[in-house]
There are 2 protein chains.
Amino acid sequence: MTSRSERIPADERREQILAAATTVFGELGYAAATTDRVARAAGISQPYVVRLFGTKEQLFIETLRRTLARVLSTFRAALAEAPEDGDAREARLGAAYLELVEDRGTLLTLLHGFMMGPDPVIGPVARDGFLQVFRMLRDEAGFTPAQIHRFLADGMLINTLLASGIGLDARRDPDAADLMDCTFGAKVADVLERASA
Amino acid sequence: MTSRSERIPADERREQILAAATTVFGELGYAAATTDRVARAAGISQPYVVRLFGTKEQLFIETLRRTLARVLSTFRAALAEAPEDGDAREARLGAAYLELVEDRGTLLTLLHGFMMGPDPVIGPVARDGFLQVFRMLRDEAGFTPAQIHRFLADGMLINTLLASGIGLDARRDPDAADLMDCTFGAKVADVLERASA
DNA sequence: GTCTATATAGCGATAGAC
DNA sequence: GTCTATCGCTATATAGAC
């Protein structure tokens with residue numbers, strides 16, 4: 001536990017920072033997150049974060065790209081071991097989505113990116129990411145339009161429930177518990193509740 | 001076009017500011033929005049905005065409350081003129097949601113509120129708003145759990161598409177157009193596209 | 001590869017005049 | 001009821017030492 005950080009290869013350090021950034025951006029969003037909080041989460045100084053990524057904006061964009069890559073590779077891994085049957089593939093991808101919920105920061109960073117549509121530089125990057133997911137569902141998963149609709153809509157609802165932290169109220173508030181139950185059933189509600197902690 | 005604003009009753013002025021704030025917060029989110037931008041949008045000075053609402057945080061909370069009230073009253077108006085049949089009521093509420101899309105700021109401010117779950121003061125307010133919508137669907141609209149699920153999931157997907165501004169790409173990018181089409185069909189895609197401008 | 005020190009800018013909030 | 005002036009804080013980014 002030295003105050004000065006150990007000397008580490010830049011590549012590895014970048015990865016540590018991106019992991020920390022995923023948590024911080026996911027929690028607070030782009031504007032409210034500070035490079036200093038990312039630095040602390042990564043155990044280094046604030047100027048060094050800026051040094052390695054140029055600007056906060058660049059750091060966010062690379063974080064977005066990283067989270068998107070993680071999402072796509074998780075889906076592709078799920079598809080690789082899924083049967084040909086359409087319904088079974090849909091169920092398998094749904095399960096893959098729940099795996100992603102466990103990481104929390106990944107889905108929340110992505111959602112915060114989508115919310116930045118009006119930003120002239122981040123907006124286009126986020127939209128491109130959205131389209132990559134869409135193309136994967138259409139071309140690689142072979143989903144029908146109805147399946148694509150369901151998958152994206154359910155995904156966005158899960159994202160929002162996760163972001164709002166309603167899962168935390170579920171223990172105290174019967175309505176909150178009922179909401180979680182109505183929308184995704186007890187099993188998924190449980191995953192969301194744990195991920196909200 | 002005087003540089004100094006006209007003298008107006010505080011109640012009216014508050015309403016102007018809240019309307020401006022709905023646009024600004026919806027566009028930029030809580031953290032990126034500034035009280036100065038809200039002031040300019042309302043045609044008054046920045047300190048006066050703070051004077052009338054105390055803090056930026058309070059302004060956001062009141063804006064959130066106002067947007068929620070608008071959403072609930074729009075839904076209730078739709079239900080009042082809807083038949084008893086469950087499917088027809090669902091369709092009528094869906095149409096009401098599309099009316100809300102026209103205003104853009106309303107739904108986006110609400111969504112930005114949901115994203116602030118971790119914030120110790122705004123988070124609880126946002127979650128409470130979410131639960132109010134849920135209770136309305138369950139107790140007043142009489143929706144089944146499956147209907148509640150569909151309605152909320154579709155709503156969140158619409159919100160996200162709206163926030164990301166993907167509708168704007170649809171003219172240039174065939175995939176973006178296909179995405180809008182797959183998820184909600186040509187008619188809704190058109191509403192979303194116009195609202196993104 | 002990493003830090004300390006600091007320049008610089010933007011924003012929320014206060015004071016006080018009109 | 002509304003403004004101008006301004007304080008004080010926070011945050012990004014730079015400079016330069018080690």
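Order of the sequence lines fixes the chain letters, A, B, ..., with proteins taken first and strands second; residue numbering starts at 1 for each chain. Hydrogens, waters and symmetry mates are skipped; everything else that's a heavy atom, side chains included, is used. All values reported here derive from a predicted model rather than from experimental measurement.
Judged by distance alone with a 3.5 Å cut-off, a donor-acceptor contact links the side chain of B/R51 to the base of D/dT2. Side-chain atoms of B/R13 and base atoms of D/dT2 include no donor and acceptor less than 3.5 Å apart. A donor-acceptor contact under 3.5 angstrom links the side-chain atoms of A/Q46 to the base of D/dA13.
Counting non-hydrogen atoms under 4.0 angstrom, A/S45 reaches a base of the nucleic acid. Across all strands shown, A/I8 has heavy atoms under 4.0 Å from sugar-phosphate atoms exclusively, and none from any base. Counting non-hydrogen atoms under 4.0 angstrom, A/P47 reaches a base of the nucleic acid. Across all strands shown, B/A31 has no heavy atoms under 4.0 Å from either base or sugar-phosphate atoms.
Mapped onto DNA chain D by nearest heavy atom, A/G54 and B/A10 fall at different nucleotides, with B/A10 at the one closer to the 5' end.
Side-chain atoms of A/Y48 lie closest to C/dT2 of the nucleotides D/dA13, C/dG12, C/dT2. Closest approach to the B/T55 side chain among C/dC11, D/dC3, C/dA13 is made by C/dA13 (side chain taken as heavy atoms from C-beta onward).
Per the geometry, CD belonging to B/Q16 stands 13 Å off P belonging to D/dG1, to the nearest Å. B/L52 has its CG atom 16 Å from the P atom of C/dG12, to the nearest Å. Put simply, CD on A/E6 is 14 Å from P on C/dG1, counting in whole angstrom units. Computed from coordinates, the B/R7 CZ to D/dG1 C1' distance equals 4 Å when rounded to whole Å. The OH-P distance, from A/Y30 to D/dA11, rounds to 14 Å in whole Å. Taking atom CZ on A/F25 and atom P on D/dA11, their separation rounds to 13 Å, with Å as the unit. The CZ-P distance, from A/F53 to C/dT2, rounds to 12 Å in whole Å. Atom NZ of A/K56 and atom C1' of D/dT14 are 18 Å apart (whole Å).
Cation-pi check for A/R89 over A/F143 is not met; the charged atom does not lie both under 6.0 angstrom from the ring centroid and within 45 degrees of its normal.
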Before giving the answer on salt bridge (Lys or Arg N to Asp or Glu O under 4.0 Å), spell out for A/R172 and A/D169 the whole-Å C-alpha distance, their side-chain angles and the decisive distance to 0.1 Å. CA-CA 6 Å; A/R172 264 176 302 112; A/D169 292 4; 3.3 Å; yes

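The side chain of B/S5 places an N or O atom within less than 4.0 Å of a non-bridging phosphate oxygen (OP1 or OP2) of D/dC3. Residue B/T35 places at least one side-chain N or O under 4.0 Å from the OP1 or OP2 atom of C/dG12.
Atoms CG and CG, on B/L100 and B/L110 in that order, are 9.5 Å from each other to the nearest 0.5 Å.
The shortest distance between side-chain heavy atoms of A/F53 and A/T35 does not fall below 4.5 Å.
Classification of the A/Y30-A/F60 ring pair by plane angle, with boundaries at 30° and 60°, yields tilted.
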